[in-house]
Amino acid sequence: MRFGIVVFPGSNCEEDALHAARDLFGQDADYLWHKDADLKGADVVVLPGGFAHGDYLRTGAMAPFSPVMGPVREFAARGGPVLGICNGFQILLEAGLLPGAMLRNRGLKYRCEHVHLRVERTDTPFTRAARQGQVLRIPIGHGEGNYFAPPDALAAIERNRQVVLRYTDAAGRLADAANPNGSVNAIASVCSASGNVVGMMPHPERACEPLLRGEDGRVIFESIIDWFRSAGRRALQPSVGAP
Amino acid sequence: MRARVFVTLKPSVFDPQGRTIAEALHALGYAGVEEVRQGKYFELDLATTEAAQARALAADVADRLLANPVIESYRIEVAD
Amino acid sequence: MPIDPQVLERHGLTSDEYVRLVALLGREPNMTELGIFSVMWSEHCSYKSSRVHLRTLPTEGPQVLQGPGENAGAVDVGGGLAAVFKIESHNHPSFIEPYQGAATGVGGIIRDIFTMGARPIALLNSLRFGDLDAPGTARLLDGVVSGIAGYGNSIGIPTIGGEIAFEPVYAGNPLVNVFCLGIAPAAEIVKGIASGAGNPVYYVGAKTGRDGIHGATMASAEFDDRSAEKRPAVQVGDPFMEKLLLEACLEVMKTDALVGIQDMGAAGLTCSTAEMGARGGAGIEIDVALVPQRETGMTPYEIMLSESQERMLLVARRGREAEVERVFEKWDLHAVRIGEVTADGMLRVRAHGTVVAEIPNRALTDEAPIYHRPASPPEYLAAAQQLDLDADARRRPSPNDALRSLLGSPTIGSKRWVYRQYDHMVRTNTIVLPGAGAGVVRLKGTDRALAISLDGNGRYCYLDPRQGAMLAVAEAARNVACAGARPLAATNCLNFGNPERPAIMWQFAEAVQGIGAACRALDVPITGGNVSLYNETDGRAIYPTPVIGVVGLLEHADRALTRSFSGSGDLIVLLGEGRGELGGSEYLKVTQGLVRGRPPALDLAAERALQLLLVELAEARLIRSAHDCSDGGLAVALAECCFDTQGTGAEIAIDAPGAAREAALDTAAALFGESASRAIVSTTGDALAGILARAASRGVPARVIGQTGGSAIRIAVAGVTAIDLAVDDAEQIWIAAVTRHLTKHAA
């Protein structure tokens, strides 16, 4: 399958995503420049981590206006799988493709460390190879990962089962000390109502090799590869204006 | 004309920076400062000379980019 | 304005230097020219006090691709790749404005690396602050760490390690030394050179403002209570602009349309034009009116001396302008042509066509003054070196209490609060995370990895600068070897006081001698670095603090080692010998409040043998962990080996060294003495014979001192249990060592 990894000015995890997809999982992968007008045949779109446009106004605030985001929106609307990692998650929130917003970490500091995450949904294209309730150990690296949604929106997110991952302790239990940034309901990852757009603060591409002393991120890549094998392009709605 | 846009977190949204500043002020002995909310301030130099137009343009810009309506609200002042 | 003594003083020039300047120029300079000379002849740019000493350092070896003199050094790491690296100080700006000072320090060293055509892949830093409990230290620490994080994290280069020490002498003059390493194809290293008359000179990056004017001369002057007034001279960093410049410059370098490139760091446009011209034996002519400006009404003097950040000067090949401009446009940057290379060797500055400065490049660079400043040993030295343990060490804490105190001291304790603010995993190369030993990054596309360690011990250097500097080189190389990497080369950052004082100059000269001797013996040539002088506040100098960065090569990334034991039942082997040396130790400082004695002895041949042995044992997979014994001695090193293992303990028995007459003190010397050339390794029983045989053949003392297991750190000295501490308790003390001094929210 073909990974399209979007590069905004200020992105800095695009090489890591490309390395994982291409070198570790043997998939076709290429960059999409933020000024590109199409997705060059990508089967999955990844918005990688970084500081798009410097994150100077709010994290992810300016990237939604990049030309490439038009085709990304259209791809998402057709059911195409879109994964936003860290800054990519922040961009999906600002673009309105996912519900909620990000605040500064509760402790005000950037945090880079391994965290534990409990899988809450296994029917998204990015978690279908995981077990319900499985605990993953994957690194985070962010200063604004304090997920927030107003009470009624939050209730809807929970009701629609849009939470994909939550911060827990190693045993999969919710605990305030295991929540690295103060996210409401310990939310580390959410998906769109239809499930094909997923945003996550942890970096699965940083945990795919024994050399990096962690392989729990592999399940995210294995899921999307498996999704493509079993559903793939057939799952997409025809694009508007297609013959 | 010049428009000033003040963006702040909505009252219901917890502001960890504001809280930290308030606590630092309390530690410095400013017991009279009860709460601090931190925000952002933008100055827009606008081509228009019409106050109403300036206000409408500033509001458009704030809605579209300067503020995130999920967590933030804004206030606009227009001056010559 | 007439050039009178006051004007010269404001420019940091002596009257003798002015006479030299007039002779070189053949006339009186105008103000713009005076400003240009003043920054180029400042200590920061000219190394006028240090140059005669630096010349004695070893800088060559088959592994060295680029020695000192360029933007950074480079070594061959095999597979057609070069590691490009350098360390630099940003001490003064960080004291005045900790966040921006540290951030722009990181920005500057990153530019030095990517201007060589290398993709930066790792950052480290070496920091010194006053006592953590002293007023202001926590704020400085917080600001510096936030600044390093804010810049490095944004730009996406992992900060993989470093060191931090707290000593009262740094209270008014913290040290912020930042290191960056990048990787380039060895055949494609780019230089800071201007050549080819008629080739266009481009300016790219942030616009020029009045920030940092006279930053270079500020970095060469002592602090006093007027420093606060100099606040506007501190620059503000823009990591996003730097990220764009980084990507665009690396992309431009892939074309061969580029002749040379240099960043505008200290002394800005002046230094970059003069140095690039001098290196290429050419001249450069620019028109300052073409320089993009952020402020209005800037004079040629201000434009030439501005230290606005994130700006690059590059020379392109004539006829290839469009290619260069197109790459920068892609990144929304605008390369502006501000002049061209000439054949006459002059730096010629015009303003709207009118010549406003005209100086031979060589007068600014090669002809800058060089001083053989007088040097004599400081008065404090003889007394400070005297140590009679039995008489001077008056307190007798139990060994358990002493170990607790040492583990809980901020210098030894865990720096997790610091490094978790740094993105240390971006680029997915970091195979040894911070806090576990030397930083190790694998080189994608190869089996190899690089290990990097920064070390320096100001207290040792205060007590004996030559010996302390040798120990710093040895420790940095040893740390790299403990990770399993063969030390390749070194970079140095020399932080000292006012060189116009003979005692400081003596410290400097001695330290450079020590570095040279150690680098020669350990085969780690110096490929570059930085000198930071005038580190004084109100006439009180810091400890002389040479910081050494050593880069080492692992042939197999998957054989990298950390300090932590691998589980229960392993044998613990001590390589090298403890001699109970407590002079200048953490033990004396923390438990006795003493800074006395001579630092530990160092046999460079024995050190070299130990390092080669460590590399050999790691490569042969005979050991499962390795850790150097340094600050806090064997007991602290052993405790650290037990940390991050989920509570694996160790049972150890060692001899008494006979370092003190009193038994209790001798036990302390055995546990906490800081004898050099030692490492603790762990291994399975079946590998032991191989280890002992290889050690014997290299002449390195090696013996089993215990084994891993249980949940306590137990050490018997001469048959008597001295330490018995639960690993969990010890680890809690160690983890809280820094955070317990900080406020609730900062922690």
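Residue numbers begin at 1 in each chain, while the letters A, B, ... track the order of the sequences. FYI, side chains are in, hydrogens and waters are out, and symmetry mates aren't considered; it's all heavy atoms of this structure. Treat the numbers as computed from the prediction; the structure is a model and nothing was measured.
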Task: Engaged part of C/Arg442 at the chain A interface, taking heavy atoms whose separation is under 4.5 Å - done: side chain

Task: For A/Trp33 against C/Lys330, the heavy-atom pair lying closest together - done: CZ2-O, 3.5 Å

Task: chain A contact via C/Asn429 - which portion, at a heavy-atom distance below 4.5 Å - done: backbone

Open item on the list: Please identify, among A/Lys35, A/His203, A/His142, the residue contributing the most non-hydrogen atom pairs under 4.5 Å to chain C.
Closed with: A/Lys35

- [ ] Please look at C/Thr562 and chain A and tell me whether the side chain, the backbone, both or neither of the residue comes under 4.5 angstrom of a heavy atom of that chain.
- [x] side chain

Task: Side chain proximity check, A/Asp16 to C/Val426, heavy atoms < 4.5 angstrom - done: yes

Task: Student check: side-chain heavy atoms of C/Ile155 and A/Asn12 closer than 4.5 Å - done: no

Open item on the list: Please classify the contact between C/Ala149 and chain A as side chain, backbone, both or neither, with a heavy-atom cut-off of under 4.5 Å.
Closed with: neither

Task: Non-hydrogen side-chain atoms of A/Lys109 and C/Ser146 separated by less than 4.5 Å - done: yes

TODO: Indicate yes or no for a side-chain donor-acceptor contact from A/Arg111 to the backbone of C/Gln421 under 3.5 Å, with no hydrogens or angles considered.
DONE: no

Task: Minimum heavy-atom distance A/Pro139-C/Met425, with the two atoms named - done: CB-SD, 3.4 Å

Task: Nearest atoms (heavy-atom pairs only) where A/Leu212 meets C/Thr430 - done: CD2-O, 3.7 Å

- [ ] Search all heavy atoms of C/Asn153 against all heavy atoms of A/Phe51 and return the closest pair with its distance.
- [x] O-CE1, 3.2 Å

TODO: Please report the closest heavy-atom contact between C/Tyr422 and A/Cys112, naming both atoms and the distance.
DONE: O-CB, 3.2 Å

TODO: Below 4.5 Å from any heavy atom of chain A, which atoms of C/Ile431 appear? Answer side chain, backbone, both or neither.
DONE: both

TODO: Evaluate the side-chain proximity of A/Tyr56 to C/Asp238: yes if any heavy-atom separation is below 4.5 Å, no if none is.
DONE: yes

Task: Segment of C/Arg119 engaging chain A (4.5 angstrom heavy-atom cut-off) - done: side chain

- [ ] Specify the closest pair of heavy atoms between C/Thr428 and A/Glu205, including all atoms of both residues, with the distance to one decimal.
- [x] CG2-O, 3.5 Å

